[in-house]
Amino acid sequence: MLLPTLLHAQEATEVVDNAEDNLNLWTLIQQGGWAMYPLGACSLAMFFLIFYSWKETSRKKFFTVEQVQTASAATASKDYTQGQNALAEPNTLLGRALAPALPKLASNREKAENIFIENLEAEENTVSQWVTYLNVVASVAPMIGLLGTVSGMISAFQTIGRGGMGRPELLAGNIGEALITTATGLVIGIPAMIAYFVLKNRLNTAMIATAQAGTEVLETHES
């Protein structure tokens, strides 16, 4: 009587061991179902946006100390052409925003400041759009995971309706799809949200420093 029980227990142990051996990343992706494809696209977009936005918000992309010093000296001596050349030589955000405004200093400083502010806002929007896309990924990825969860639960109820209540192994795939997609969406959404706020603060800090540097150049006109 004990022999069949022992054989059954051994077979169950072997099944569990085989399941653990087959549990790898590719198996989880396959078990996640259709939702893993858009989630995979979201993960690739997240990595690209993080690296690209980090590169675009580095301080050297906004201005350099040498650039500000050279442009300030040229503006103080009323040599606006040299000031424009000093700003345009390194391709920075300050140069693109301030260079068109320098010639206006000779006639109307207020107009020059308005041109600088308008150009600065336009440049900020160009950079911030990539950071905003990261926020979109952080919001969409958990929603896709939730949609995959709903899809998996619908499939589970359909399996139960077809007589699978007494066979839990038939529900494993549907429940696995529901849980894996939710977890994957959160794994993508949480770091994307953290990166969004970090990069947003990094951009705001760089923009404040750039505005101060541009104001410093403009103020040397009166000195």
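In this structure, Thr75 OG1 and Leu87 CG are separated by 7.0 Å, a value rounded to the nearest 0.5 Å. Rounded to the nearest 0.5 angstrom, Asn201 CG and Leu199 CG are separated by 9.0 Å. Distance check, rounded to the nearest 0.5 Å: CG of Leu203 to OG1 of Thr132 gives 9.0 Å. Taking CD1 of Ile144 as the reference point, atom OG of Ser139 lies at 11.0 Å (rounded to 0.5 Å). The OH atom of Tyr52 lies 11.0 Å from the OG1 atom of Thr57; values are rounded to the nearest 0.5 Å. Interatomic distance, CG of Leu146 versus CG of Leu186, reported as 9.5 Å (0.5 Å rounding).
No side-chain heavy atom of Phe116 sits under 4.5 Å from any side-chain heavy atom of Glu113. Thr92 is not listed as a side-chain neighbour of Phe62, based on a closest heavy-atom distance of 4.5 Å or more. Residues Tyr196 and Tyr133 are not in side-chain contact: their nearest non-hydrogen atoms beyond the backbone lie 4.5 Å or more apart. Proximity of Leu120 to Glu124: side-chain heavy atoms (C-beta onward) are nowhere separated by under 4.5 Å. Considering only heavy atoms from C-beta on, Val68 comes within 4.5 Å of Glu216 through its side chain. The closest side-chain heavy-atom distance from Leu218 to Leu98 is below 4.5 Å.
Linking Ile, Leu, Val, Met, Phe, Trp and Tyr residues whenever their side-chain heavy atoms come within less than 4.5 Å leaves Leu44 and Leu39 in two separate clusters. Follow the hydrophobic side-chain contacts under 4.5 Å out from Val198 and you reach Val131 in the same cluster. There is no path of hydrophobic side-chain contacts, each under 4.5 Å, that joins Ile194 to Val187. The hydrophobic clustering, which links ILVMFWY residues whose side-chain heavy atoms are closer than 4.5 Å, places Val137 and Met143 apart.
With sequence neighbours left out, Phe47 forms a ring-ring contact (aromatic ring centres under 6.0 Å, His included) with no residue at all.
At most 12 heavy atoms of other shown residues, nucleotides or ligands fall within 6.0 angstrom of atom NZ in Lys111. Atom CD of Gln129 has more than 12 heavy atoms from other residues, nucleotides or ligands within 6.0 Å.
Across all non-hydrogen atoms, the minimal contact from Leu102 to Gly83 is CD1-C, 3.6 Å. Closest of all the heavy-atom pairs between Ala86 and Ala71 is CB-N, 4.0 Å. Contact detail for Ala141 and Gly189: the closest heavy-atom pair is CB-N, 4.2 Å.
Judged as a ring pair (Phe, Tyr, Trp, His ring centres under 6.0 Å), not a single pair has a partner in residues 86-110 (not counting sequence neighbours).
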Assess whether side chain to side chain contact (heavy atoms under 4.5 Å, CB included) is satisfied between Met193 and Asn135, documenting all intermediate values. CA-CA 6 Å; Met193 183 63 69; Asn135 187 30; 3.8 Å; yes
Audit row: Lys104, Asn114, side chain to side chain contact (heavy atoms under 4.5 Å, CB included) steps and yes/no: CA-CA 10 Å; Lys104 303 295 182 181; Asn114 291 334; over 6 Å; no
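The backbone N or O of Trp54 sits nowhere less than 3.5 Å from a side-chain atom of Ser58 that would complete a donor-acceptor pair. Of the possible donor and acceptor atoms, none in the side chain of Thr184 sits under 3.5 Å from a partner among the backbone N and O of Thr181. For the pair Thr70 (side chain) and Gln67 (backbone), a donor-acceptor distance under 3.5 Å is absent. A distance-only check finds no donor-acceptor pair linking the side chain of Ser53 to the backbone of Ile50 [under 3.5 Å]. In this structure, Glu56 contributes its side chain and Val127 its backbone to no donor-acceptor pair below 3.5 Å. Judged purely by atom type and a 3.5 angstrom limit, Thr64 has no side-chain atom pairing as donor or acceptor with the backbone of Lys60. Within the 3.5 Å criterion, the main-chain N or O of Leu93 finds no donor-acceptor partner in the side chain of Glu123.
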